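To start, the structure itself, in structure tokens.
A note on names: the letters A, B, ... follow the listed sequences, proteins ahead of strands, and every chain is numbered from 1. None of the values given here were measured: they were computed from a predicted structure.
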Amino acid sequence: MANPRGSDVCNGSLHNHKEQRDNLKTENCTKNGIVQEIQQNEESQCHYKPLVESFEEAPLHVMVFTYMGYGVGTLFGYFRDFLRSSGIEKCNAAVEREEQKNFVPLYQNFENFYTRNLYMRIRDNWNRPICSAPGAQFDVLERVSDDYNWTFRFTGRVIKDVINMGSYNFLGLASEYDESMRTVKEVLEEYGTGVASTRQEMGTLDKHKELEDLVAKFLNVEAAMVFGMGFATNSMNIPALVGKGCLILSDELNHASLVLGARLSGATIRVFKHNNMQNLEKLLRDAIVYGQPRIRRAWRKILILVEGIYSMEGSIVNLPQIVALKKKYKAYLYMDEAHSIGAVGPTGRGVVEFFGMDPRDVDVLMGTFTKSFGSSGGYIAGRKDLVDYLRVHSHSAVYATSMSPPVAEQIIRSMKFIMGLDGTTQGLQRVQQLAKNTRYFRQRLNKMGFIIYGNEESPVVPLLLYMPAKVAAFARHLLNRKIAVVVVGFPATPLAEARTRFCVSAAHTQEMLDKVLEALDEMGELLQLKYSRKKNSACPELYDETNFELND
Amino acid sequence: MTMCTLYLDRLCNLEEPTMDFRHVKNYLSWLYYQYQIISCCAVLEPWEQSMFNTILLTIFAMVVYTAYVFIPIHVRLAWEFFSKICGYHSTISS
């Protein structure tokens, strides 16, 4: 097990984070960790490899043009709102009824203004209906709009064999029926589709027990519990674990389900800067020294909420340092591995395996089955008494319908496939193929000169576009070339950092990736997207941390 | 002015799938496309684009006119002002 000493975090070692060192992986030992000096410990079997993450800043003129573009859009937004309210133009957006005109206005805040005037213009790039399984290639329904995206109509044609760079299909298990899914068909025939009950009433099937045992074995923990929906796993179980008088330290960029669960619990929430261990340590020290706000009593529990891979940034959590902090200050750690389970690590067991750490160090391991297992639902795993407590006290167990049997069987089949329990090594090959595809894709994009965020091993690849018109043009041009991508804009990302997010999959062949890369190259030239200033340098920039909270 | 910009819009095609710079017309078309992308004109409706282009060209024309008419006069006045000061200096020192 990696053994970061307690003094690691105090010596401010994030500067060494970003130095490029040789890859020290050997085939029997692929454990990574963070230290401040090169450690070659003869007794331990771990070789340490620092994380290489980059969050390059755009050149200044790009930011100026981005804000200028939003300014023009806002001006025209005001102009069109004026035309709509004075009756010169017909209003297609939602307005209050005539009788409610003098009430508190419903549609005047910035969100509604943005939706009406900026989002509507480029709305055709989102919510595109598809009509086949979301494998490496899929079919998209063609739709056009006659009135500038207020309404759509389907032409009836289907765009076939579009390369799928947007679905979370990391291991390629979300595909059409094939012979290996035979067990799912049998379970469907035997158990039907619906469970018609909650877990605590009559909804616990033997399939759930089998699945929970398998998940516990997969993650190498004592026990696990599965739930029907991934979002609900977070939002319904965090309130069962913490309550008033507890402290939650949550990362800045946590997912909405974690934020919702934290708010529903009623605990005090403090936010630390993304992946910033100095900030987290300062908050922990303040919490322990000063206690609860007015009454100065000690906190009942301190829970640190992090994610394995952050979906909008592609960064991987700094697990060894967080575990060291948690042990030093006696806090609990809740890790959401929605995007990293099945996708990182030498055998696909997630971030814990990626860093070579002991799963017993993380108190609550949470994950979803949507991304890598081609199914739906979530799990929480950890010690047996924790899971038994959740079986009784979780809101999801009491009120939510339990997982449907064919869905559970699909997860069982996928997990056995990945673990190799079905007798073949195809699962392991897919995990390795995903790692290879990820590295190849990221390397080529970096060489082309795009700004890519995140860790070089994460299969989620955000590419920065910045300007709103480029976002729309990018998505439309790529669909014309039969490549489907997901672009993300304002509410999900900061205003000036619109991006496109690629999800590399093990099902992508070399030709598909090359075709996508070639199209991206042309798009980069056409739309002038190659902003990176470190195009072909051998060593990446050192990450300079200007917000350094010094400890006394 | 509006007719001018409408003609310009029709002349330059909006979608630019090819990027061969052999012809000047293609290069200018690409430049116009870049301008539209950067200033968010590409997502506006055509009449809004014409309006925006008209306003921008009008402002630009006014700037050019002002520069042409007034800069030489101001430069001459500034030159005279500074030469008068230097003139005082030289009369005092000598």
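- Under 3.5 Å, the side chains of B:Asn53 and B:Tyr35 contain a donor-acceptor pair of N or O atoms.
- For chain B, the nearby parts of A:Phe65 are the backbone and the side chain; heavy atoms of each come within less than 4.5 Å.
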Show every donor-acceptor pair shorter than 3.5 Å between a side-chain atom in residues 73-81 of chain B and any protein atom, with sequence neighbours excluded, or say none if there are none.
from, atom 1, to, atom 2, distance (Å)
B:Arg76, NH1, B:Glu80, OE2, 3.4

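- Side-chain polar atoms of A:Asn164 and A:Ser167 form a donor-acceptor pair below 3.5 angstrom.
- Contacts of A:Leu106 classified as side-chain contact (heavy atoms from CB on, under 4.5 Å), with partners at least two apart in sequence or in another chain: A:Glu96.
- No donor-acceptor contact under 3.5 angstrom links the side chains of A:Asp81 and A:Tyr107, judged on distance only.
- With a 4.5 angstrom heavy-atom cutoff, A:Phe79 touches chain B only via side-chain atoms.
- Inspection of the A:Asn127 and A:Arg143 side chains reveals no N or O donor paired with an N or O acceptor under 3.5 Å.
- Listed by sequence position, the residues of residues 150-163 of chain A in contact with chain B number zero, using a 4.5 angstrom heavy-atom cutoff.
- For the salt bridge (charged side-chain N to carboxylate O under 4.0 Å, His left out) test, residues two or more places apart in sequence or in another chain that qualify with B:Glu45 are A:Arg80.
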